[in-house]
**Q** 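Got a structure here, written out as structure tokens. Questions coming.
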Amino acid sequence: MLNDQDRARVAAAVAAAELKTRGEIYCVIAGESSDYREVPLAWAAVAALTAPAVLLLAGIHVTVPDVFADGWTAGQIAATAEAAARAALGGAILLQGALFVAVAVLISFGPLRRVLTPRGLKRERVRQRAREQFLAKNLAATRERTGVLIYVSAKERMAELIADEGIAAKVAPKAWDEAMGLLVAGVKARKPAEGFENAIARCGDILAEHFPADASDNPNELSDAVVVLP
């Protein structure tokens, strides 16, 4: 998503925004927030379970000899019915097994898996990964609890912003919507560096309003460089 020049632009934008605030802005880009390994299995299970019903609706049915016309005994009728039921059941099980494997393998391929993954699940995984990064990168360890994480997940094309409790106590969550909108607009326009710059500048303005810089004591507690995760 960002080349070396773009990452330098983002780092410069973070440094410029933090000159006017005691807040700390930290940017993370992930290639993908989850492997969604359960998605192929879920679709495969649905396909396998619905296959018999689909076959019935399509007109497939089990046939048995006309035992009554041929004057079969009760024992012969029972044995024939049991054999027909076993054959139908065995065929259904084989069909379901083959269909399960085929669908699971097919959907395991990246592009198709991403298309068939529910958007709600993607959003939840992006939020979960963002929270993990917030803790892993020590954003909760700033002196005044003024860390802000801007997290982008490239394959899902989703972004998340997490503000530490010192900021959350003074800034309503809706205040960040504009910044996130600027970021998403830049990514969609295939200008991610510009999107980051605009979003960071807006976050800097919000932080400066509530946590203005102290000229005599304003340390840079977190790195300005954007972190790129696999």
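FYI, side chains are in, hydrogens and waters are out, and symmetry mates aren't considered; it's all heavy atoms of this structure.
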**Q** How does the hydrophobic cluster around V184 look, that is, which other residues are in it when side-chain heavy atoms under 4.5 Å mark a link?
**A** none

**Q** Can R129 and E160 be counted as an ion pair, charged N to O under 4.0 angstrom?
**A** no

**Q** Output all residues satisfying side chain to side chain contact (heavy atoms under 4.5 Å, CB included) with P219, sequence neighbours left out; order by chain, then residue number.
**A** R143, D217, E221

**Q** Each residue besides M158 in its hydrophobic cluster should be listed here, by chain and number; the cluster joins Ile, Leu, Val, Met, Phe, Trp and Tyr at side-chain heavy-atom distances under 4.5 Å.
**A** Y26, V28, V126, F134, L135, L139, L149, Y151, I162, L222, V227, L229

**Q** If you count the non-hydrogen atoms of other residues, nucleotides and ligands that lie under 6.0 Å from CZ in R157, is the total more than 12?
**A** no

**Q** Return yes when atom CH2 of W176 has more than 12 non-hydrogen atoms of other residues, nucleotides or ligands closer than 6.0 Å, and no otherwise.
**A** yes

**Q** Hey, can you pull the donor-acceptor pairs under 3.5 Å for the side chains in residues 200-208, sequence neighbours left out?
**A**
unit_1, atom_1, unit_2, atom_2, d
R202, NE, E178, OE1, 3.1
D205, OD1, K20, NZ, 2.6

**Q** Determine whether F100 and W43 fall in the same hydrophobic cluster, where Ile, Leu, Val, Met, Phe, Trp and Tyr are linked whenever their side-chain heavy atoms lie under 4.5 Å apart.
**A** no

**Q** Taking D164 for the side chain and G166 for the main chain, is one N or O donor matched with an acceptor at less than 3.5 Å?
**A** no

**Q** List the atom of Y36, the atom of K122, and the distance in Å for their closest heavy-atom pair.
**A** OH-CA, 3.5 Å

**Q** Could you tell me if the side chain of V39 sits less than 4.5 Å from the side chain of L121, heavy atoms only?
**A** yes

**Q** Just how far is it from atom OG of S33 to atom CZ of R123, taken to the nearest 0.5 Å?
**A** 9.5 Å

**Q** Got a second to check how far S153's OG is from R127's CZ, nearest 0.5 Å?
**A** 13.0 Å

**Q** Could you go through V228 and L2, starting from their C-alpha distance and side-chain angles, then the distance that decides it, and tell me whether this counts as side chain to side chain contact (heavy atoms under 4.5 Å, CB included)?
**A** CA-CA 9 Å; V228 180; L2 298 178; 5.8 Å; no

**Q** Which pairs pass side-chain hydrogen bond (donor to acceptor under 3.5 Å, both in side chains) with one or both residues in residues 184-201, sequence neighbours excluded?
**A** R9-E197

**Q** With sequence neighbours left out, what residues match T146 under side chain to side chain contact (heavy atoms under 4.5 Å, CB included)?
**A** T142, E144, I167, F211

**Q** Between E165 and R145, is the salt bridge (Lys or Arg N to Asp or Glu O under 4.0 Å) condition met? List the steps.
**A** CA-CA 6 Å; E165 60 184 29; R145 302 298 298 271; 3.1 Å; yes

**Q** How close do C27 and V14 get, heavy atom to heavy atom, and via which atoms?
**A** SG-CG2, 4.1 Å

**Q** Please name all residues satisfying side chain to side chain contact (heavy atoms under 4.5 Å, CB included) with N138, sequence neighbours left out, ordered by chain then number.
**A** A141

**Q** Taking only residues at least two apart or on different chains, which pairs with a member in residues 91-109 satisfy side-chain hydrogen bond (donor to acceptor under 3.5 Å, both in side chains)?
**A** none

**Q** Find the distance between CG (D214) and OG1 (T21) and round it off to the nearest 0.5 Å.
**A** 11.0 Å

**Q** Side chains of residues 109-120: which donor-acceptor partners sit under 3.5 Å, not counting sequence neighbours?
**A**
unit_1, atom_1, unit_2, atom_2, d
R113, NH1, E32, OE2, 3.2
R113, NH1, D35, O, 3.2
T117, OG1, R113, O, 2.6

**Q** Please enumerate all residues that pass side chain to side chain contact (heavy atoms under 4.5 Å, CB included) together with E209, with sequence neighbours excluded.
**A** none

**Q** Restricting to side chain to side chain donor-acceptor pair (under 3.5 Å), what partner residues turn up for Q5, sequence neighbours left out?
**A** none

**Q** Given R125, which of E156, E132, E38 fulfils the salt bridge (charged side-chain N to carboxylate O under 4.0 Å, His left out) condition?
**A** E38

**Q** For A199 and L183, which heavy atoms make the closest approach, and how far apart are they?
**A** CB-CB, 3.8 Å

**Q** For a 4.5 angstrom cut-off between non-hydrogen side-chain atoms, does I25 reach E18?
**A** yes

**Q** Can you name the closest pair of heavy atoms from A159 and M180 and give their distance?
**A** CB-CE, 3.4 Å

**Q** Going through the checks in order, is the side chain to side chain contact (heavy atoms under 4.5 Å, CB included) test met by D6 and F196?
**A** CA-CA 9 Å; D6 291 335; F196 267 102; over 6 Å; no

**Q** What distance separates N220 CG from R22 CZ, expressed to the nearest 0.5 Å?
**A** 14.5 Å

**Q** Could you give all pairs that pass the salt bridge (charged side-chain N to carboxylate O under 4.0 Å, His left out) test and reach residues 95-109, with sequence neighbours left out?
**A** none

